[in-house]
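Letters A, B, ... are given to chains in the order of the sequence lines, protein chains preceding strands, and every chain is numbered from 1.
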There are 2 protein chains.
Amino acid sequence: MDAVFKALADESRRALLDHLFKSNGQTLSQLCEHLDMTRQAVTKHLLLLEQAKLVTIVWSGREKLHYLNPVPLQEIYNRWISKYERHRLQALSDLKKGLEQNKNKKE
Amino acid sequence: MDAVFKALADESRRALLDHLFKSNGQTLSQLCEHLDMTRQAVTKHLLLLEQAKLVTIVWSGREKLHYLNPVPLQEIYNRWISKYERHRLQALSDLKKGLEQNKNKKE
DNA sequence: TTGACATGCAACCAAAAGGTTGCATATTGT
DNA sequence: ACAATATGCAACCTTTTGGTTGCATGTCAA
């Protein structure tokens, strides 16, 4: 789970996911064309995405094909976001209450 | 959006959000009790959470109260996760197809 | 078979991140 | 008034991160 959050923390890696979203199964060279950095840098980013299981690699001869795996994103939603979503209104009302109490103290 | 992903990338910061989830509106000192690091380190983490608008600060005298703001998490879901969720089955079938084509090449 | 293409490996570098220590400032309670 | 409490500011340090360069390896196509 930590690996997924870390992988998503970088703009270049999110861009890579977006490119795969538009066209799944691209080779390393193809993915490099979009990014303004060396192939080796892209390789490192893709390695992190792979370790987070956000991207799956399939070798085809000398070419390395990259496929999106949406499962970890789903898990982030299930174990993290939906939990907070359920308490969304409560959290906002807590904040409102806190603000008002502070206001009263000042007056 | 980048700030939110960066803020969520660290385990300590996710722990802070979890503590606020359990008990909203805690002071800095209270939040420090849970973490195994100095107050200054916790302050820095909370600053990042604040900049990402995941936490809102309310001053009450000399005490700094911290409140959860679930809105950015909701936005991550809306603009990021749900997008991939919609193409979840497609992505998996792309991968399956890729694997099979590779298998055929080998045989 | 040989040159071009696709990728890997490793050393290296600068900047950012995570954390500490020391001291300063503002608020509270007695 | 003053001591204790709650927090801020800034310099510093180490590790991680994002990126580069140079060279090696494996595969394809003429």
Side-chain angles (χ1 to χ4, degrees), chain A residues 2-20 23 25-52 54-67 98 101-107, chain B residues 2-20 23 25-52 54-67 98 101-107:
Chain A
D2 185 65
V4 181
F5 279 115
K6 286 243 162 60
L8 291 173
D10 187 86
E11 169 60 40
S12 304
R13 288 193 287 271
R14 292 199 300 275
L16 283 169
L17 290 181
D18 264 337
H19 283 116
L20 288 179
S23 172
Q26 293 186 63
T27 67
L28 172 57
S29 303
Q30 286 174 324
L31 289 170
C32 284
E33 290 170 16
H34 312 298
L35 279 289
D36 188 26
M37 59 183 74
T38 62
R39 175 175 54 85
Q40 282 77 359
V42 177
T43 300
K44 286 192 186 178
H45 283 308
L46 287 169
L47 185 67
L48 291 195
L49 289 172
E50 197 189 347
Q51 287 171 343
L54 283 161
V55 162
T56 302
I57 303 297
V58 176
W59 277 95
S60 174
R62 62 180 166 181
E63 288 182 329
K64 198 185 188 183
L65 307 180
H66 299 78
Y67 289 90
Q101 284 179 359
N102 184 242
K103 196 178 169 187
N104 293 338
K105 278 196 179 179
K106 279 189 187 168
E107 285 167 358
Chain B
D2 185 64
V4 181
F5 278 114
K6 285 241 162 56
L8 291 173
D10 186 86
E11 170 59 40
S12 303
R13 288 193 287 270
R14 293 198 300 274
L16 283 169
L17 290 181
D18 264 336
H19 282 116
L20 288 179
S23 171
Q26 294 187 62
T27 67
L28 173 57
S29 303
Q30 286 174 325
L31 288 169
C32 283
E33 289 170 16
H34 312 298
L35 278 289
D36 188 25
M37 59 182 72
T38 61
R39 174 176 54 86
Q40 283 77 1
V42 176
T43 300
K44 287 191 186 178
H45 284 306
L46 287 169
L47 184 68
L48 292 194
L49 289 172
E50 197 189 347
Q51 287 171 343
L54 283 161
V55 162
T56 302
I57 303 295
V58 176
W59 278 94
S60 173
R62 63 179 165 181
E63 287 182 328
K64 198 185 188 182
L65 306 181
H66 298 78
Y67 289 89
Q101 286 178 359
N102 185 245
K103 196 179 168 186
N104 294 337
K105 278 196 177 178
K106 280 188 183 167
E107 285 168 359

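When the side-chain hydrogen bond (donor to acceptor under 3.5 Å, both in side chains) test is applied to A:K6, the partners found at least two apart in sequence or on another chain are A:D2. Every residue meeting the side-chain hydrogen bond (donor to acceptor under 3.5 Å, both in side chains) condition with A:E11, not counting sequence neighbours, appears here in chain and number order: A:R14.
Of the candidates C:dA6, D:dT20, D:dA6, D:dT20 carries the atom nearest the A:T38 side chain, counting heavy atoms from C-beta on. Which of C:dT21, D:dA6, D:dG22 sits closest to the side chain of B:Q40 comes down to C:dT21. Comparing D:dG19, D:dT7, C:dT20 by their closest approach to the side chain of A:S12 singles out D:dG19. Among D:dT27, D:dG22, D:dG8, the nucleotide with an atom closest to any side-chain atom of B:L28 is D:dG8. In the set D:dT20, C:dG19, D:dG26, C:dG19 carries the atom at the smallest distance from any side-chain atom of B:M37. Closest contact between the side chain of A:D10 and the listed nucleotides C:dT20, D:dG18, D:dT20 involves D:dG18. When distances run from any side-chain atom of A:E63 to the nucleotides C:dG8, C:dA6, D:dG18, the shortest one goes to C:dA6. Here C:dG19 is the nucleotide among C:dT7, D:dG19, C:dG19 with the atom lying nearest to any side-chain atom of B:H45. In the set D:dT20, D:dG8, D:dC28, D:dT20 carries the atom at the smallest distance from any side-chain atom of A:A41.
For A:E11 and D:dG18, a side-chain-to-base donor-acceptor distance below 3.5 Å is absent, hydrogens and geometry of angles not being considered. Between the base of D:dT7 and the side chain of B:R62 there is no donor-acceptor pair shorter than 3.5 Å. For a distance-only test at 3.5 Å, the side chain of A:R39 fails to qualify as a donor-acceptor partner of the base of D:dG19.
Among the candidates A:V55, A:L49, A:L17, A:T27, the single residue satisfying the side-chain contact (heavy atoms from CB on, under 4.5 Å) test with A:H66 is A:V55.
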Handout entry: B:L48 vs B:Q51, side chain to side chain contact (heavy atoms under 4.5 Å, CB included): CA-CA, chis, key distance, verdict
Key = CA-CA 5 Å; B:L48 292 194; B:Q51 287 171 343; 3.5 Å; yes
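Taking atom CZ of residue B:R13 and atom P of nucleotide C:dG19, one finds them 8 Å apart after rounding to whole Å. Spacing between atom CG of B:L47 and atom C1' of C:dA17 amounts to 13 Å, rounded to whole angstrom units. Taking atom CG on A:L48 and atom C1' on D:dG18, their separation rounds to 10 Å, with Å as the unit. Between the CG atom of A:D2 and the P atom of C:dG18 there is a distance of 11 Å, given to the nearest Å. The distance between atom CD of B:E33 and atom P of D:dA6, rounded to the nearest whole Å, is 9 Å. Put simply, NZ on B:K6 is 15 Å from C1' on C:dG18, counting in whole angstrom units. For the pair B:L49 CG and C:dA17 P, the computed distance is 14 Å after rounding to whole Å. Distance, B:D36 CG to C:dG18 P: 16 Å, rounded to whole Å.
Contact annotation: the side chain of A:S12 never approaches that of A:L16 to less than 4.5 Å [non-hydrogen atoms, C-beta and beyond]. Contact annotation: the side chain of A:L8 approaches that of A:L54 to within less than 4.5 Å [non-hydrogen atoms, C-beta and beyond].
Residues A:L65 and A:K44 both approach DNA chain C. Their nearest nucleotides, taken by heavy-atom distance, put A:L65 toward the 5′ side.
For D:dG8, the OP1/OP2 oxygens have a side-chain nitrogen or oxygen of B:K64 closer than 4.0 Å. Between B:S29 and D:dT7 there is a side-chain polar atom (N or O) within less than 4.0 angstrom of OP1 or OP2.
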